[in-house]
Amino acid sequence: MTTPLLQHWLLEATSQLEGTYEEEEARLIPRMVAEHLMGVDRMGLKSQELAPIPSASIDLFTSALSRLRAGEPVQYVLGVTHFYGRDFEVNPHVLIPRQETEELVVGVRNELLKLLRPSRLVDIGSGSGCIPVSLYLELAAKGLTPEAVSGLDISSAALNLARRNGDRLGASVNWLEQDIFQAKEADFEELDAVVSNPPYIPGREKAEMSPVVYAHEPAVALFVPDDDAIIFYKQIVHLAAHWLRSEGLLWVEIHRDFGKEVAAVFKAKGFTDVQIITDLSGNPRFVRGICP
């Protein structure tokens, strides 16, 4: 049996994905898969397009296309995604890190670097661990290795994945299984920063979302009740007011429609210098404030 040329597989995969993805995504996703399975970059892939797929890899290519056709996100198919210059393992137990969240890491890193000393911080709802691992490594790279970094998540499966990412990338993070609504005011003290990208999508918006997202990414990390969309922020701000030192930093990612409401929660707890910060696309994406 003749093995197919890589070029033919790319064309066929693109054709089969056009009903699930926009035209450009349908073209790029098969190339991402091929690069990963062949262990080459974009230029390396181009040089091999007219070569047959290695016979030992045929089943991998077939399985990957089948999963993509079923609507599974390419990051889960590959088992990895790129975040802040590093590869993070991902699976359906965790959200796929988004580019906007890299901007949160930049903002928090820049503020903690101003301390000119090792910091102590907690990330709430860590998922893959991309936020606390990235912050640890970025601060360490500047000669300010954090004194203590903790990542909290309600899911033991997510924490197992986050732990693997931290160990592989060399970040010393203390991973804790914790339901944030059961957390105590005395669990931490004198932190320099509390960071979170919590669930914030009202359930009613599910109908507007791509099934590639809601059918595969964990609902517990996505959706909140329609009648209390900022429920997580209320609890996070309450805990942060006790966990942070005076002048400690609280920084959260938000739904673009709820910036004012979240900022009001910050202010009601006495946080100062509260700011609603837009992302690179111009959408309100973050709220940050300083503990009194």
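Side chains included, hydrogens not; waters and symmetry mates left out as well; all remaining heavy atoms used.
Remark: the backbone N or O of Ile131 is not paired with any side-chain donor or acceptor of Asp123 at under 3.5 angstrom. No donor-acceptor distance shorter than 3.5 angstrom exists from the side chain of Ser63 to the backbone of Asp59, with no hydrogens or angles considered. Judged by distance alone, the side chain of Glu189 and the main-chain N or O of His242 form no donor-acceptor pair under 3.5 Å. Put simply, the side chain of Thr62 gets close to the backbone of Ile58: a donor and an acceptor are under 3.5 Å apart. The backbone N or O of Gly71 lies less than 3.5 Å from a partner atom in the side chain of His216, making a donor-acceptor pair. Between the Gln235 side chain and the Ile180 main chain, a donor and an acceptor come within less than 3.5 Å of each other. Under a 3.5 Å cut-off, the side chain of Asp153 and the backbone N or O of Ser126 do form a donor-acceptor pair. Under the 3.5 Å distance criterion, the side-chain polar atoms of Asp187 are matched with a main-chain donor or acceptor of Lys184.
In this structure, Tyr84 and Glu138 have side chains that are in contact, with non-hydrogen atoms separated by less than 4.5 Å. Residues Lys206 and Leu222 form no side-chain contact, since every pair of their non-hydrogen atoms from C-beta on lies 4.5 Å or further apart. Taking 4.5 Å as the limit, some side-chain heavy atom of Ile254 sits within range of a side-chain heavy atom of Val252. Residues Pro225 and Ile231 meet the side-chain proximity criterion, which asks for heavy atoms closer than 4.5 Å. Inter-residue side-chain proximity for Tyr76 and Thr81 is flagged as unmet; no heavy-atom pair is nearer than 4.5 Å. Taking 4.5 Å as the limit, some side-chain heavy atom of Asp192 sits within range of a side-chain heavy atom of Leu115. Counting heavy atoms from C-beta outward, Pro52 and Leu6 have side chains that stay 4.5 Å or more apart. A heavy-atom distance below 4.5 Å is found between the side chains of Phe88 and Val133.
Classified by interplanar angle (parallel below 30°, tilted 30° to 60°, perpendicular above 60°), the ring pair Trp251/Phe286 is tilted.
For the atom pair CG of Asp257 and CD1 of Ile201, the computed distance is 11.0 Å after rounding to the nearest 0.5 Å. Going from atom CG of Leu37 over to atom OG of Ser57 covers 7.0 Å, rounded to the nearest 0.5 Å. Note that CD of Gln75 is 11.5 Å distant from CG of Leu95, once rounded to the nearest 0.5 Å. Atom CG of Leu45 sits about 12.0 Å away from atom CE of Met32, to the nearest 0.5 Å. Note that CG of Asp41 and NE2 of His36 are 14.5 Å apart. Values are rounded to the nearest 0.5 Å. In this structure, Ser150 OG and Leu191 CG are separated by 7.5 Å, a value rounded to the nearest 0.5 Å.
For the residue pair Asn165 and Ser128, the shortest heavy atom distance occurs at ND2-O, 2.9 Å. Contact record, Pro30 with Leu17: CG-CD1, 3.9 Å, taken as the closest heavy-atom pair. The two atoms that bring Leu169 and Asp87 nearest to each other are CD1-O, 4.1 Å, heavy atoms only. Residues Pro199 and Val220 come closest through the heavy atom pair CG-O, 3.3 Å. Looking at every heavy atom in both residues, Arg256 comes nearest to Asn283 through NH1-OD1, 3.8 Å. Listed here is the closest heavy atom pair of Tyr136 and Gly170: CE2-O, 3.9 Å.
Between Phe258 and Tyr233, the gap from one ring centroid to the other reaches at least 6.0 Å.
In this structure, Leu78 is a member of the same hydrophobic cluster as Met38, with clusters built from ILVMFWY side-chain heavy atoms closer than 4.5 Å. In terms of hydrophobic clustering, with Ile, Leu, Val, Met, Phe, Trp and Tyr side chains grouped at heavy-atom distances under 4.5 Å, Ile29 and Val40 are assigned to a common cluster. Leu249 and Leu239 sit in two unconnected hydrophobic clusters of ILVMFWY residues. Membership requires side-chain heavy atoms under 4.5 Å apart, directly or through other members. Linking Ile, Leu, Val, Met, Phe, Trp and Tyr whenever their side-chain heavy atoms come within less than 4.5 Å puts Leu10 and Ile53 in one cluster. A single hydrophobic cluster is not seen to contain both Ile96 and Leu68; linkage of ILVMFWY side chains at heavy-atom distances under 4.5 Å, directly or through other members, places them apart.
Around CZ of Arg117, the count of heavy atoms belonging to other residues, nucleotides or ligands within 6.0 Å exceeds 12. The local environment of CD in Glu22 is sparse, with at most 12 non-hydrogen atoms from other residues, nucleotides or ligands closer than 6.0 Å. For Gln99, the CD atom sits in a loose shell: 12 or fewer heavy atoms of surrounding residues, nucleotides or ligands are nearer than 6.0 Å. Within a 6.0 Å radius of CZ in Arg168, other residues, nucleotides and ligands contribute more than 12 heavy atoms. For Glu18, the CD atom sits in a packed shell: over 12 heavy atoms of surrounding residues, nucleotides or ligands are nearer than 6.0 Å.
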Practice item. Evaluate side-chain contact (heavy atoms from CB on, under 4.5 Å) for Glu103 paired with Ile277, printing each intermediate quantity in order. Key: CA-CA 10 Å; Glu103 299 174 46; Ile277 300 171; over 6 Å; no

Practice item. Could you check Phe232 against Phe181 for ring pair (Phe, Tyr, Trp, His ring centres under 6.0 Å), going step by step and ending with a plain yes or no? Key: CA-CA 8 Å; Phe232 279 90; Phe181 294 101; 5.1 Å; yes

Check your understanding: Should Trp9 and Leu65 be marked as a side-chain contact (heavy atoms from CB on, under 4.5 Å) after you check the CA-CA gap, both sets of side-chain angles, and the distance that decides it?
Key -> CA-CA 9 Å; Trp9 183 88; Leu65 181 54; 4.1 Å; yes

**Study point:** Steps toward salt bridge (charged side-chain N to carboxylate O under 4.0 Å, His left out) verdict (Glu49, Arg31)
**Key:** CA-CA 10 Å; Glu49 282 191 19; Arg31 304 187 76 83; 2.3 Å; yes

Exercise for review: Report the C-alpha distance between Leu152 and Trp175 in whole Å, list the side-chain angles of each, state the deciding distance to 0.1 Å, and finish with yes or no for side-chain contact (heavy atoms from CB on, under 4.5 Å).
Suggested key: CA-CA 6 Å; Leu152 315 183; Trp175 304 106; over 6 Å; no

Check your understanding: Can you check salt bridge (charged side-chain N to carboxylate O under 4.0 Å, His left out) on Arg163 and Glu89, steps first, answer last?
Key -> CA-CA 10 Å; Arg163 186 175 292 109; Glu89 181 183 348; over 6 Å; no

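With salt bridges taken as basic N to acidic carboxylate O contacts below 4.0 Å, one links Arg98 and Glu217. Under 4.0 Å is where a charged nitrogen must lie from a carboxylate oxygen, and between Glu111 and Lys114 no such pair does. A salt bridge links Asp226 with Arg204: the closest approach of a Lys/Arg side-chain nitrogen to an acidic carboxylate oxygen falls below 4.0 angstrom. Classification of Glu261 and Lys234 as a salt-bridged pair fails, no side-chain N sitting under 4.0 Å from a carboxylate O. By the 4.0 Å N-to-carboxylate-O rule, Glu253 lies too far from Arg288 to be salt-bridged with it. A salt bridge does not link Arg245 to Glu190: none of the charged side-chain nitrogens sits closer than 4.0 Å to a carboxylate oxygen.
For the pairing with Trp243, the side chain to side chain contact (heavy atoms under 4.5 Å, CB included) check across Ile124, Ile236, Leu121 returns one residue only, Ile124.
Side-chain contact of Glu12 with Gln16: a donor-acceptor pair under 3.5 Å is present, judged by distance alone.
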